[in-house]
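Notes follow once the structure below has been shown.
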Amino acid sequence: MSTTSRLTDQQVGVLLSPISEKRVRHLRGMSHLEAWDVRRQLIRIFGFDGFTVETMALDLVHENGNPNYRKKNKAGEEYGPTYTAWTIVYRAQVRLTVKAVDGRPLTVFEDAAAGDAVNQPSVGDAHDLAMKTALSQALKRCAVNLGDQFGLSLYNDGSQAPVVLRSLAYMGEPVAESEDSEVRPEPTPQGDPSPDPEPTPPTAASTAQQSAPPGPTAVPDPPQQQRTGTMPAAGPNERQAAMDAMWEAARAVDFAEGLPAQFESAFGHPIEQGTAAEFRQARDLMTGSAAA
């Protein structure tokens with residue numbers, strides 16, 4: 001006679017505890033978790049071999065290259081040379097299987113999400129970013145079924161107070177009405193992002209720099225350093241252009257001061273050592289295209 005596999009008491013206790021404020025990101029009125037943090041928490045609670053993530057479908061929904069695109073400032077005025085700007089959208093369907101400590105599957109969650117990359121100068125980077133965004137969002141939607149440690153309470157108007165509290169499957173006492181959190185609406189993005197904080201193309205950089213809004217001295221590629229938090233001017237390569245776009249997005253959402261620390265926390269190194277792909281990912285998070 002087989003014994004039913006279950007979560008341990010310690011696992012249940014962690015799942016029912018409130019989420020740490022350090023794990024919550026706040027952008028444009030939205031509270032959400034980073035996908036890497038969701039994976040970290042899955043490992044911490046269930047173990048390296050205690051869950052599986054499967055991609056059930058990954059479909060290209062939209063691909064468009066605009067060959068006559070020009071960068072725009074906050075006033076909506078175009079400047080710089082024209083280039084081909086790529087906008088890509090993918091839809092991903094992901095399955096998350098959680099296992100007991102003996103390795104037997106406990107439960108399966110499946111969900112889907114779309115992810116985009118808007119007006120990117122590199123078609124390869126645009127596809128990569130859109131795919132990663134869709135897969136990450138789908139995984140987060142699967143994991144939220146595990147409760148407050150995976151962001152369920154954030155849907156209650158961004159609250160970090162636990163909303164599950166107990167489960168009759170593991171505890172005998174139901175949640176009393178007096179203990180329940182007030183049900184509030186799910187948060188929605190607030191404010192409009194900068195009109196078009198997109199990267200400038202890698203060519204004809206001198207024209208872009210002359211036409212761009214004035215800014216501090218340009219920042220060279222790593223390993224050289226710059227003053228943390230400085231807004232760089234347009235540069236002669238794709239990496240610099242992506243950095244410009246990230247800073248414009250940060251200024252548009254009043255996050256310029258907090259960007260350096262958040263970037264280093266998310267990617268494990270300072271902005272000065274960042275890559276073009278990382279700058280684009282950070283920019284899309286701030287403009288909402290990668291938000292939950």
Side-chain angles (χ1 to χ4, degrees), residues 1-26 31-58 90-113 115 131-156 158-181 183 186 265-268 281 285 290-292:
M1 182 175 180
S2 61
T3 303
T4 302
S5 297
R6 293 172 63 85
L7 296 174
T8 67
D9 291 343
Q10 190 174 14
Q11 287 174 320
V12 174
V14 173
L15 288 173
L16 293 175
S17 62
I19 191 169
S20 169
E21 183 179 359
K22 295 180 179 179
R23 297 178 53 214
V24 181
R25 291 285 311 279
H26 304 282
S31 299
H32 68 95
L33 303 181
E34 296 288 353
W36 72 265
D37 176 66
V38 168
R39 288 181 180 272
R40 174 176 68 173
Q41 204 68 358
L42 285 169
I43 294 170
R44 285 176 171 176
I45 297 174
F46 304 108
F48 292 103
D49 58 351
F51 68 96
T52 59
V53 179
E54 302 171 79
T55 300
M56 310 307 296
L58 183 60
Y90 274 88
R91 178 192 178 278
Q93 187 161 341
V94 168
R95 175 182 295 166
L96 171 63
T97 301
V98 175
K99 304 175 184 178
V101 292
D102 61 7
R104 285 185 285 185
L106 280 178
T107 187
V108 177
F109 305 113
E110 194 166 317
D111 215 321
M131 285 190 292
K132 288 191 296 187
T133 301
L135 290 166
S136 295
Q137 293 302 104
L139 171 60
K140 290 195 289 184
R141 289 179 178 176
C142 289
V144 79
N145 291 285
L146 292 165
D148 297 311
Q149 282 298 303
F150 295 91
L152 180 61
S153 68
L154 302 181
Y155 285 88
N156 193 26
S159 173
Q160 295 171 28
V163 295
V164 177
L165 301 180
R166 289 189 295 280
S167 171
L168 288 178
Y170 295 91
M171 301 172 181
E173 292 295 325
V175 176
E177 185 176 348
S178 59
E179 298 178 272
D180 252 339
S181 300
V183 176
E186 295 182 13
S265 174
F267 296 105
Q281 184 176 353
L285 283 170

Using distance only, find each side-chain donor-acceptor pair of residues 94-101 under 3.5 Å and give its atom names and separation, not counting sequence neighbours.
from  : atom 1 : to     : atom 2 : distance (Å)
Arg95 : NE     : Glu110 : OE1    : 2.9
Arg95 : NH2    : Glu110 : OE1    : 3.1

Acceptor/donor pairs from residues 13-21 side chains to any protein atom, 3.5 angstrom cut, sequence neighbours excluded:
from  : atom 1 : to     : atom 2 : distance (Å)
Ser17 : OG     : Val14  : O      : 2.6
Ser17 : OG     : Gln149 : NE2    : 3.1
Ser20 : OG     : Lys22  : N      : 3.2

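The stretch residues 46-56 participates, sequence neighbours left out, in no salt bridge (Lys or Arg N to Asp or Glu O under 4.0 Å) pair at all.
Of all heavy-atom pairs between Arg39 and Phe51, the closest is O-CZ, 4.4 Å. Of all non-hydrogen atoms in Ala92 and Leu58, the two that sit nearest each other are CB-CD1, 3.8 Å. Heavy-atom minimum distance, Gly115 versus Ala134: N-CB, 3.5 Å.
Between the side chain of Ser159 and the backbone N or O of Ser153 there is no donor-acceptor pair closer than 3.5 Å. The closest donor-acceptor contact from the side chain of Arg141 to the backbone of Ala112 lies under 3.5 Å. The main-chain N or O of Val38 is never found under 3.5 Å from a side-chain atom of Lys140 such that the two would form a donor-acceptor pair.
Considering only residues two or more places apart in sequence or on other chains, Arg44 meets the side-chain contact (heavy atoms from CB on, under 4.5 Å) condition with Arg40, Gln41. Applying the side-chain hydrogen bond (donor to acceptor under 3.5 Å, both in side chains) criterion to Glu34, with sequence neighbours excluded, gives Arg25. Residues satisfying the ring pair (Phe, Tyr, Trp, His ring centres under 6.0 Å) test with Phe150, not counting sequence neighbours, are none.
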Evaluate the side chain to side chain contact (heavy atoms under 4.5 Å, CB included) criterion for residues Tyr90 and Leu135: first the C-alpha distance (whole Å), next the side-chain angles of each, then the deciding distance (0.1 Å), finally the verdict.
CA-CA 9 Å; Tyr90 274 88; Leu135 290 166; over 6 Å; no

